[in-house]
Amino acid sequence: MKKILLPLLLLLIGTGGGVGAGIMLMPAHQEELLTDGNPCGEVVAEDHSDAVVAEITLEREYAKLNNQFVIPVVEDGAVSALVVMAISLEVTRNNTSAVHTTEPKLRDAFLQVMFDHANIGGFSGNFTSGTNMHALRSALLNAAQRVAGQNVTDVLITDIVRQDT
C-alpha cells in the first residue's frame with residue numbers, strides 16, 4: 001500500500017507545485033503592462049507601420065526583368081542541374097525606364113555573377129540557405145549598380161528553381 005501511495009502523493013505535490021508556479025509567474029494583462037509598468041510614461045497606441053510602407057513604396061519602383069535566367073550547374077565536367085531564376089530590381093522613383101534601357105548589359109553582368117556563384121558551389125546542396133542567398137543578392141546588387149548606377153537600390157529574386165538532370 002505504501003508503494004502505491006508514495007508515487008501518487010509525489011504526483012499530486014508536483015502537479016500542484018507546477019500549477020501554483022504557473023499562476024504566480026503568469027504575465028499581467030497587456031493594458032496593465034503598458035500603463036502601470038511603463039517606465040517611459042504614457043502609452044502611444046498609434047501604428048505607424050502603414051505610413052512607413054507607404055513612404056517606402058512612394059520612393060521606390062520595381063523593374064521586372066523580362067526573361068528568366070538559366071544557369072547550368074556543372075559537376076565533374078557535366079551539367080548536373082539547371083537553375084532558373086527570375087529577378088526584379090528595386091529602383092528609385094522614375095528610373096524604371098533607365099533600367100530597361102540597360103537590360104542587355106544588366107543581363108550579361110547578372111549571368112556572369114550567377115555563373116561564378118554556380119562555379120563556387122553556390123547552387124549545390126542547400127542553395128536557398130540565408131547565407132547563400134545573401135551572398136548572391138549582394139553580388140547581383142553590386143553588378144547592377146556598376147551597370148545602372150545608384151538608382152538600383154535592391155535586387156529581388158522573385159523565383160528560383162533547381163532542376164537536376
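Since we're looking at a predicted model, the values are computed, not measured.
In this structure, R107 is positioned above the aromatic face of F69, its NZ or CZ under 6.0 Å from the six-membered ring centre and within 45° of the axis.
Distance alone, capped at 3.5 Å, places no donor-acceptor pair between the Q163 side chain and the A81 backbone. In terms of modelled atom types and a separation under 3.5 Å, the side chain of N132 and the main chain of N126 share a donor-acceptor contact. Between the side chain of T158 and the backbone N or O of A86 there is at least one donor-acceptor pair closer than 3.5 Å. With hydrogens and angles ignored, the 3.5 Å screen pairs a side-chain donor or acceptor of Q145 with a backbone N or O of V152. Counting only distance, with no hydrogens or angles, the side chain of N119 and the backbone of F115 share a donor-acceptor pair below 3.5 Å. Looking only at distances, a side-chain donor or acceptor of S80 sits under 3.5 Å from a matching main-chain atom of V73. In this structure, T101 contributes its side chain and A98 its backbone to a donor-acceptor pair below 3.5 Å. Judged by distance alone, with hydrogens and angles left aside, the side-chain atoms of T153 form no donor-acceptor pair with the main-chain N or O of R60 at under 3.5 Å. Here the side chain of S138 pairs no donor or acceptor atom with the backbone of A135 at under 3.5 angstrom.
Heavy-atom minimum distance, V70 versus V84: CG2-CG2, 4.3 Å. What you find for I157 and M133 is that their closest heavy atoms are CD1-CE, 3.6 Å. Smallest separation of non-hydrogen atoms from G122 and F127: O-CB, 3.3 Å. Considering every non-hydrogen atom in both M114 and I71, the closest pair reads SD-CD1, 3.3 Å. For the residue pair V147 and K105, the shortest heavy atom distance occurs at CG1-CB, 3.7 Å. Taking every heavy atom of both residues into account, N66 and E103 meet most closely at N-OE2, 3.1 Å.
Contact check for F123 versus L136: side-chain heavy atoms found under the 4.5 Å cut-off. In this structure, N151 and L89 have side chains that are not in contact, with every pair of non-hydrogen atoms separated by 4.5 Å or more.
When the side chains of ILVMFWY residues are joined at heavy-atom separations under 4.5 Å, either directly or via intervening members, Y62 and V99 end up in two distinct hydrophobic clusters. Grouping the Ile, Leu, Val, Met, Phe, Trp and Tyr side chains by contacts below 4.5 angstrom, directly or via other members, places V74 apart from V83.
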Could you walk me through whether D116 and Q112 pass side-chain hydrogen bond (donor to acceptor under 3.5 Å, both in side chains), step by step?
CA-CA 6 Å; D116 291 344; Q112 187 60 55; 3.1 Å; yes
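Note that CE of M85 is 13.5 Å distant from CZ of R162, once rounded to the nearest 0.5 Å. Note: S124 OG to H117 NE2 = 9.0 Å, rounded to the nearest 0.5 Å. Atom CZ of residue R137 and atom CD1 of residue I87 lie 10.0 Å apart, to the nearest 0.5 angstrom. L106 contributes atom CG, which lies 10.0 Å from atom NE2 of H100 (distance to the nearest 0.5 angstrom).
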